[in-house]
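Some notes on the structure that comes next.
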Amino acid sequence: MSDDELDAVYTHLCQALGAQGEAQAPLMLARLALLLIDKLGDAPAAHALIEAAAQDLRPPAAD
Amino acid sequence: MSRQFAPYPFEATRHAARMPPLEHGDEAQHHAVVVVGAGPVGFCTAIGLAQQGVPVVLLEADESVCFGSRAICISRRSLQILQRLGALPGFMRHGLPWTGGRSFYRGEQVLHFTMPQDANQKLPPMLNLAQYRIEQILLERAQELSDLIDIRWQTRVTSLQARDDGVDLIVRTPTGAYRMHTDWLVAADGGRSTVREALGLKLQGTSYEGRYVIVDIRMKSARPTERPAYFDPPCNPGSTVLVHKQPDDVWRIDYQLREGEDPEEAVLPHNVLPRVQSLLDMMGETADWAPIWTGLYKANALTLDRYHHGHVLLAGDAAHLVPIFGVRGANSGIDDADNLAWKLALVARGAASPQLLASYSHERVAAAHENLAHGRKSTEFMAPPDFAFELMRTAVLGLAGRHPGLRPLINPRQTSAICYRDSPLNAWPERSAAFAAGPVPGQVLPECPLTLADGSEGHITDLLRGGFTALWFTDTGPVPETLQAWARLWNHRGARCTICTLARAGGAHADAVDHTGRLFDLYGAQSGSLLLVRPDGHVLARWLDVPLPVALAEAGTAMQALLQPEDVG
């Protein structure tokens with residue numbers, strides 16, 4: 001995947017999330033995660049990515 | 001916090017208004033070209049036209065060059081243009097060159113980016129310089145051409161009437177109003193263009209809600225010239241802060257307002273100064289500092305769908321507004337001016353049909369769309385328009401430190417030279433397809449060091465002298481007589497044309513020698529290859545190994561199609 005392709009996928013995801021609305025966004029991201037895990041087809045890699053996603057997860061800045 | 005404001009380290013000269021000789025309120029002299037707006041775009045257009053021998057009147061509503069913090073980054077592509085305009089030395093003398101930057105998330109560095117820079121380059125990828133200085137350097141260059149450039153300060157366009165063969169203008173000065181007549185009008189009068197308004201044209205696109213405060217300060221610091229960006233920094237949680245070093249101890253700071261902040265309130269010194277202080281504390285800057293100027297910025301991504309309306313041509317912010325992120329504002333305007341000046345000069349001198357100007361609009365509208373696409377993406381990252389972009393950005397920034405694959409998403413997508421891939425001027429694509437490398441028609445010349453005929457070190461962009469250039473690649477030497485005859489023919493027809501021979505190392509009788517041995521590979525060329533280059537440095541057509549008489553006949557067709565499109569069909 002080229003930088004431009006990564007960029008396009010990122011923007012697509014942002015727009016799709018935005019279209020669903022804030023309340024539905026976590027569910028959509030959960031569904032996306034499950035689809036990616038299925039597509040990955042590699043249990044050890046999936047476990048490692050779950051750990052990576054949770055690592056250093058901090059709440060967003062208080063405005 | 002109270003702090004005394006300091007002045008800019010620059011004093012603008014005030015210029016008096018001047019009335020031309022009038023007959024019953026009309027200026028007696030009829031003009032070939034009037035340019036409205038003496039900003040970077042207006043100056044570059046006027047200088048470009050004057051260098052091609054076309055007289056220009058340049059109207060400026062103010063009495064001096066601009067004030068405040070506006071354009072601050074000049075790209076390599078713009079520097080190449082400024083070199084052709086004869087203004088490069090001033091830019092290199094005053095500006096601060098830089099090649100990269102760093103992005104931080106909550107204090108952790110998550111990206112170190114560099115802009116393209118290699119041994120072939122003559123000019124830095126970016127140069128920091130305040131717009132007042134940019135305008136001052138261009139003003140001085142325009143003054144050198146004062147026999148052809150008539151600058152009229154404090155002269156404001158109040159109305160205009162488009163005719164079939166030109167434009168009538170009414171302008172106002174402090175000492176009175178008068179009417180002017182011109183064959184061609186170039187609107188380089190900025191984002192709130194009077195000319196655009198008078199024509200009833202509307203910019204279309206997206207306006208973003210996120211606001212940035214812009215602050216210029218004076219401070220002595222040895223920090224290098226690079227661009228740090230701080231996302232959600234400890235000094236200003238939830239915000240994004242950009243810092244640019246400028247010449248003469250001026251630092252430009254841009255920071256995003258938090259949601260719900262009142263912009264008018266936020267830009268007041270008692271709100272701005274503590275935030276600057278906490279930023280400087282975080283950066284470890286301990287020197288004394290003073291604010292110079294504060295302002296507000298809101299990103300727009302807007303353009304007209306055409307920049308050519310009868311005898312009016314629009315350029316720069318008058319034609320399009322691109323977001324600040326990625327520094328495409330002034331740079332795309334300078335590119336507009338460079339594209340327009342040679343075409344309008346050919347038309348004004350009677351060497352080309354006015355139809356050539358349609359290609360200005362075609363090429364620069366396409367360029368604006370490319371700039372806007374990049375600008376929108378940068379803005380979505382720098383000033384997220386909704387919760388989704390905000391959420392995803394937080395995710396990217398938090399992961400990028402450990403996961404390099406995500407770092408390209410943080411890259412600020414700095415401006416780069418645009419390729420006019422779909423230009424109606426591009427000729428002989430089937431000939432171009434024979435090359436395995438090098439610039440395609442519509443692309444600018446890749447830079448390459450060369451030894452020039454007088455033995456000095458130079459670069460390929462030094463060979464562009466304002467007219468068309470035929471680059472002839474050869475193993476050894478002299479220009480074939482047929483090539484010289486071809487150039488003479490087109491010079492005779494009013495299109496300035498220069499032949500440049502590029503010889504491999506050891507070649508004699510050449511305008512330039514490829515002493516590094518990199519040129520032929522970079523251009524995918526061989527002995528006998530021919531490149532036809534437009535006055536703005538974009539390739540028009542190229543021939544790899546076509547017999548010279550055939551290539552020249554085809555080059556002639558390309559020139560004819562460019563100058564008199566209706567004769568070719």
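Since the structure is predicted, the reported quantities are computational estimates derived from the model, not experimental observations. All values below come from the heavy atoms of this structure, side chains included, with hydrogens, waters and symmetry mates left out.
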Item to check | Atom group of A:Ala52 that falls short of 4.5 Å from chain B, counting heavy atoms | outcome: both
Checklist entry - Top residue by heavy-atom pair count (under 4.5 Å) with chain A, among B:Glu390, B:Glu261, B:Arg393, B:Lys377? => result B:Lys377
Checklist outcome for this item: The interface call for A:Gln55 against chain B, heavy-atom contacts under 4.5 Å, is side chain
Checklist entry - Looking only at heavy atoms, which two atoms of B:Ala388 and A:Gly18 are closest? And how far apart? => result CB-N, 3.5 Å
Checklist entry - Which value, rounded to the nearest 0.5 Å, describes the distance between A:Cys14 atom SG and B:Asp386 atom CG? => result 8.0 Å
Which donor-acceptor pairs under 3.5 Å do the side chains of residues 400-410 of chain B make with protein atoms, sequence neighbours left out?
| unit_1 | atom_1 | unit_2 | atom_2 | d |
| --- | --- | --- | --- | --- |
| B:Arg402 | NE | A:Asp56 | OD2 | 3.3 |
| B:Arg402 | NH2 | A:Asp56 | OD2 | 2.7 |
| B:Arg407 | NE | B:Val110 | O | 3.4 |
| B:Arg407 | NE | B:Ala400 | O | 2.9 |
| B:Arg407 | NH2 | B:Ala400 | O | 3.4 |
| B:Arg407 | NH2 | B:Gly401 | O | 3.0 |

Checklist outcome for this item: chain B shares the most heavy-atom pairs under 4.5 Å, among A:Asp3, A:Asp7, A:Leu6, with A:Asp7
Next on the checklist: List the residues meeting side chain to side chain contact (heavy atoms under 4.5 Å, CB included) with B:Cys235, not counting sequence neighbours, and say none if there are none.
Outcome noted: B:Pro233, B:Ser278, B:Leu279, B:Met282
Next on the checklist: Does B:His112, at its NE2 atom, have more than 12 non-hydrogen atoms belonging to other residues, nucleotides or ligands within less than 6.0 Å?
Outcome noted: yes
Checklist entry - With under 30° as parallel and over 60° as perpendicular, where do the rings of B:Phe389 and A:Tyr10 fit, or are they tilted in between? => result perpendicular
Next on the checklist: With rounding to the nearest 0.5 angstrom, report the CG to CE distance, A:Leu13 to B:Met392.
Outcome noted: 4.0 Å
